[in-house]
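For ligands, and for the atoms within them, numbers begin at 1 and follow the listed sequence. Just so you know, these numbers come straight off a predicted model, no measurement behind them.
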Amino acid sequence: MAKETGLAHVASGDIFREAAASGSELGLLAKSYMDRGELVPDDVTIRMVLERISRPDCAKGVILDGFPRTVEQAVALDAALAEMGKAIGKVLYIKVSTEELLRRLSGRWICRQCQTPYHMVSAPPQVVGKCDRCGGELYQRADDTIETARNRLGVYFRQTAPLIGYYERAGKLLEVNGEQDVEVVGREMLATLVRS
Ligand code: AMP
């Protein structure tokens, strides 16, 4: 979507994984939450994402991925954007059942270099352990084990699901059926955004 729209892609999970890999104090703090499938505290998360979107490559606009995940983060984001004379345009709600989410997460492998995701059963790479796009090494995220994935979904229902109502009331929510094939979901996300 970032490529199609020419906007920057900012994924809070990627920011935390990079920080954890660098071994910084903040990164290790984030990792202790990520490994358990819990959310990183709001103050740390808000600070990191706001710093990221203040950089020049985000001036034209941003596709936020994985943020906000709590009402507190959404309120802080709205306030920070208002100060910059900006606002959230639209919010895509990709609706997928709990069973399908668990199936996808527990079979997911990701390229270390380009982040392309694969699924062991439904979308395997041509060569085991290697990315079709760039030849990079594939790995399984530590928090994609079935137990941690289950906990992450519990956290989602408690802390993130209230955002559906938050953005619906703001007239910004667009729903897409995420149970379909990845290409179809991608196409529908773009078409829904363009139509809105
Ligand atoms: P993701 O790659 O979006 O699935 O995020 C992986 C993990 O990073 C999450 O399970 C959280 O521990 C942490 N994380 C990512 N985004 C946020 C956020 N907006 N708020 C709090 N924690 C987050």
ask   = Side chains of Ile15 and Thr45: does their closest heavy-atom pair fall under 4.5 Å?
value = no
query = Any side-chain heavy atom of Gln159 sitting closer than 4.5 Å to one from Leu39?
reply =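 Touching, per the 4.5 Å side-chain cut-off.
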request  = Using distance alone, with no hydrogens and no angle criterion, decide if Thr148 and Asp143 have a side-chain donor and acceptor under 3.5 Å apart.
outcome  = no
query = What's the verdict on side-chain hydrogen bond (donor to acceptor under 3.5 Å, both in side chains) for Glu188 and Asn177, showing C-alpha distance, side-chain angles and the deciding distance?
reply = CA-CA 8 Å; Glu188 286 195 4; Asn177 173 10; over 6 Å; no
message = I'd like to check the side chain to side chain contact (heavy atoms under 4.5 Å, CB included) partners of Glu99; sequence neighbours left out, ordered by chain and number.
response = Ser97
inquiry  = Is there a side-chain hydrogen bond (donor to acceptor under 3.5 Å, both in side chains) between Asn151 and Tyr156? Walk through the geometry before answering.
reply    = CA-CA 9 Å; Asn151 191 36; Tyr156 166 79; over 6 Å; no
Between ligand 1 and the protein, which N/O pairs fall short of 3.5 Å?
unit_1: ligand 1; atom_1: 2 (O); unit_2: Arg17; atom_2: NH1; d: 2.9
unit_1: ligand 1; atom_1: 2 (O); unit_2: Arg17; atom_2: NH2; d: 3.0
unit_1: ligand 1; atom_1: 2 (O); unit_2: Arg141; atom_2: NH1; d: 3.0
unit_1: ligand 1; atom_1: 2 (O); unit_2: Arg141; atom_2: NH2; d: 3.4
unit_1: ligand 1; atom_1: 3 (O); unit_2: Arg69; atom_2: NH1; d: 3.0
unit_1: ligand 1; atom_1: 3 (O); unit_2: Arg69; atom_2: NH2; d: 3.1
unit_1: ligand 1; atom_1: 4 (O); unit_2: Arg69; atom_2: NH2; d: 3.3
unit_1: ligand 1; atom_1: 4 (O); unit_2: Arg141; atom_2: NH2; d: 3.0
unit_1: ligand 1; atom_1: 4 (O); unit_2: Arg152; atom_2: NH2; d: 3.4
unit_1: ligand 1; atom_1: 5 (O); unit_2: Arg69; atom_2: NH2; d: 3.4
unit_1: ligand 1; atom_1: 12 (O); unit_2: Glu38; atom_2: O; d: 2.6
unit_1: ligand 1; atom_1: 16 (N); unit_2: Ser12; atom_2: OG; d: 2.8
unit_1: ligand 1; atom_1: 16 (N); unit_2: Gly66; atom_2: O; d: 3.4
unit_1: ligand 1; atom_1: 16 (N); unit_2: Arg69; atom_2: NH1; d: 3.1
unit_1: ligand 1; atom_1: 19 (N); unit_2: Gly66; atom_2: O; d: 3.0
unit_1: ligand 1; atom_1: 19 (N); unit_2: Gln73; atom_2: OE1; d: 3.0
unit_1: ligand 1; atom_1: 20 (N); unit_2: Gln73; atom_2: NE2; d: 2.9
unit_1: ligand 1; atom_1: 22 (N); unit_2: Val40; atom_2: N; d: 3.0

